[in-house]
Trainee: 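Got a structure here, written out as structure tokens. Questions coming.
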Amino acid sequence: MSDSIIFTVQPGGSLNGEIRVPGDKSISHRSIILGSIAEGTTHVTGFLEAEDALATLKAFRAMGVEIEGPDDGKVTIYGVGLKGLKAPEGPLYLGNSGTSMRLLSGLLAGQSFNSDLTGDDSLSKRPMRRVTLPLAQMSAQIQTEEDGTAPLSITGTSELTGIHYDMPIASAQVKSCLLLAGLYAEGETTITEPAPTRDHTERMLQGCGYPIERKGNQVSITSGHRLQAVNIDVPSDISSAAFFLVGASIATNSSVRLNHVGINETRTGIIDILKLMGADITLTNEREVGGEWVADIHVKSSQLKGIVIPEQLVPLAIDEFPVLFVAAACAEGVTVLTGAEELRVKESDRIQVMADGLQQLQVNAEATPDGMIIRGGDIEGGEVISHGDHRIAMAFAIAGLRSKAPIVIRDCENVNTSFPQFLSLASELGLNIAQNKP
Ligand code: S3P
């Protein structure tokens, strides 16, 4: 932590202007994965040039896929087809990226070669049994550490068999992992989800002409078909836009327009929750781009009020809770989140780390096993630690818009995993933030 980046945010100010935040992280990962195993050349635009998506890109290069770029968000992938990947020479290092590890474990289980997946300290602590257990039911051979964490050692097999899996948790990573394994499994693989989760994998598979069946909360895939390369226009990431949706809502005299943001309905929980809290958010220019919906989003200052967050919105806003907790701290009254225990196994324990940081800033925040209770009020200045979690770092930076004294945020290096331009775009809109190495 000591040699990491520190953000210092001066209190107050407004956010104003019009920006386009970088490309969607989930869709960027999937563009590389599906582009690599498609037949033909995939041209990607709007690709997220951040560490997580680049980890996926490098992994496929290491498996023999020729990939040009990224260059100003443009990537060209020369697909090798479903059977064209080659054994990597060493372990595939996936940094901080849970999406890379979980999706790749499914894809690699059915290859004709073995592979090892490794990650940084945070990723090496995250639960992988959620993918290795159902994959084992499909006859995959994957070794983990004793406690079910990475490194993963995968013995490729041609003997995968389709299963019907009722997911115990609402996870798009698990669903996507099993769909990718299903491309190589004998027979049909069906996944049932307990609540809707992001469906970018399904949309992109269909976009590549691969037949899948979607019925209610169930999705099925059968091996034996091919993926055709298509061009992919990655929308801006609503999870990055979220910082400014909250920022412009809580700051005075603010008005921000966020252009070309992905508004896939499995991702818009942040908008629904903020609107329930009284936020002034309007969507214009809604259009479909390559199978995903996008819009320009306009947000203005408003007095937010505390709410009980409906549990069905939790998976649809799962990455946005760090900054939503900041919104709750600025709201009138009490905000209650339940049903969000998944937050404890993200890049950090986002319930504990956010509660600790908010308390450090004298906010009345109480962690609960599956959520948080926050009583809105004043935010004081102080020093907080992001615990290497990109979204925690950016959430506390946004808190500066309403704090009474500077906020110092330690350990901000990993903002580069999802949103390297955060500092410059936030400054452009009016956040008084500086970065320094200690
Ligand atoms: C993601 C799914 C979510 C999300 C993560 C990205 C994806 O994880 O938190 O940032 O791209 O599929 P879970 O599937 O673990 O909920």
Side-chain angles (χ1 to χ4, degrees), residues 22-34 47-48 50-53 55-57 94-107 119 122-123 125-134 148-150 165 167-181 191 193-205 219 232 234-235 237-243 262 264 266-270 292 311-324 339-351 370 389-392 394-395 414-415 417-419:
D24 187 276
K25 185 150 76 76
S26 294
I27 298 176
S28 294
H29 282 297
R30 288 153 172 84
S31 71
I32 299 291
I33 298 172
L34 297 192
F47 181 80
L48 173 64
E51 286 171 8
D52 276 14
T56 294
L57 187 153
L94 303 170
N96 195 243
S97 179
T99 306
S100 307
M101 188 167 284
R102 297 204 178 109
L103 270 57
L104 284 185
S105 65
L107 182 80
S122 156
L123 183 53
K125 289 193 191 107
R126 296 181 66 187
M128 291 298 147
R129 284 205 182 107
R130 55 182 59 200
V131 289
T132 58
L133 291 180
T149 56
Y165 189 63
M167 281 198 298
I169 44 172
S171 166
Q173 292 180 351
V174 175
K175 175 177 61 173
S176 301
C177 163
L178 300 180
L179 286 171
L180 293 171
I191 304 123
E193 47 184 6
T197 66
R198 64 193 69 191
D199 66 353
H200 307 301
T201 306
E202 296 91 307
R203 283 171 184 266
M204 207 179 280
L205 280 167
V219 54
I232 298 168
V234 182
D237 199 330
I238 191 166
S239 297
S240 297
F243 298 102
N264 179 316
T266 59
R267 297 287 298 282
T268 46
I270 171 80
E292 292 280 354
E311 283 197 8
Q312 74 269 19
L313 292 179
V314 169
L316 312 180
I318 193 67
D319 292 334
E320 285 64 78
F321 285 102
V323 78
L324 276 169
E341 48 277 277
E342 272 297 296
L343 295 180
R344 292 202 178 269
V345 291
K346 293 293 178 188
E347 287 83 328
S348 70
D349 176 344
R350 287 183 173 162
I351 293 176
D370 66 341
D389 187 326
H390 53 137
R391 299 201 198 278
I392 305 272
M394 292 185 276
N414 279 340
V415 167
T417 63
S418 69
F419 196 171

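Atoms within a ligand are numbered from 1 in the order they appear, just like the ligands themselves. We're numbering straight along the sequence, starting at 1.
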Trainee: Does the residue His200 have a heavy-atom contact with ligand 1, meaning some pair of atoms that are separated by less than 4.0 Å?
Mentor: no
Trainee: May I ask you to identify, for Lys175, whether its side chain, its backbone, both or neither come under 4.0 Å of ligand 1 on a heavy-atom basis?
Mentor: neither
Trainee: One thing to verify: whether Arg350 and Asp389 come together as a salt bridge, which I'm taking to mean a side-chain N less than 4.0 angstrom from a carboxylate O.
Mentor: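 Answer for the salt bridge query: yes.
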Trainee: Given side-chain hydrogen bond (donor to acceptor under 3.5 Å, both in side chains), test Ser171 with Arg102 step by step and report yes or no.
Mentor: CA-CA 11 Å; Ser171 166; Arg102 297 204 178 109; 5.7 Å; no
Trainee: Between Gln173 and ligand 1, does any nitrogen or oxygen pair lie at a separation below 3.5 Å?
Mentor: yes
Trainee: Taking 4.0 angstrom as the limit, do Arg267 and Glu292 come out as a salt bridge?
Mentor: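 Answer for the salt bridge query: no.
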Trainee: Is the closest N or O pair between Ile318 and ligand 1 shorter than 3.5 Å?
Mentor: no
Trainee: To the nearest 0.5 Å, how far apart are CG in Asp370 and CD1 in Ile351?
Mentor: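 The distance works out to 6.5 Å.
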Trainee: Tell me whether Ser171 has any N or O atom under 3.5 angstrom from an N or O of ligand 1.
Mentor: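 Yes - when backbone and side-chain N and O of Ser171 are compared with those of ligand 1, one distance drops under 3.5 Å.
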Trainee: Can you see whether His200 engages Ser26 through a side-chain donor-acceptor pair at a distance of less than 3.5 angstrom?
Mentor: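 There is no such pair between these side chains.
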Trainee: Walk me through whether Ser239 and Lys25 qualify under side-chain hydrogen bond (donor to acceptor under 3.5 Å, both in side chains).
Mentor: CA-CA 9 Å; Ser239 297; Lys25 185 150 76 76; over 6 Å; no
Trainee: Considering non-hydrogen atoms of the protein only, which is the closest contact for atom 11 (O) of ligand 1, and what is the distance?
Mentor: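 It is Ser26 OG, 2.7 Å.
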Trainee: Under a 4.0 angstrom heavy-atom cut-off, which atoms of ligand 1 come close to Ala172?
Mentor: 12 (O), 14 (O)
Trainee: Could you name the option among Arg102, Arg30, Lys25 that has the heavy atom nearest to atom 7 (C) of ligand 1?
Mentor: Arg30
Trainee: Heavy atom to atom 16 (O) of ligand 1, shortest distance: which of Glu342, Arg130, Lys346, Glu320 holds it?
Mentor: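 Result: the heavy atom closest to atom 16 (O) of ligand 1 is in Lys346.
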Trainee: Specify the protein heavy atom at minimum distance from atom 10 (O) of ligand 1: its residue, its atom name, and the distance to 0.1 Å.
Mentor: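 Of every protein heavy atom, Asp319 OD2, 2.8 Å lies nearest to atom 10 (O) of ligand 1.
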Trainee: Strictly under 4.0 Å, does any heavy atom of His29 approach an atom of ligand 1?
Mentor: no
Trainee: Identify which one of Thr201, Val219, Ile191, Leu103 satisfies the side chain to side chain contact (heavy atoms under 4.5 Å, CB included) criterion when paired with Leu178.
Mentor: Ile191
Trainee: Is it true that Asp24 and Arg198 make a salt bridge, defined as a side-chain N closer than 4.0 Å to a carboxylate O?
Mentor: no
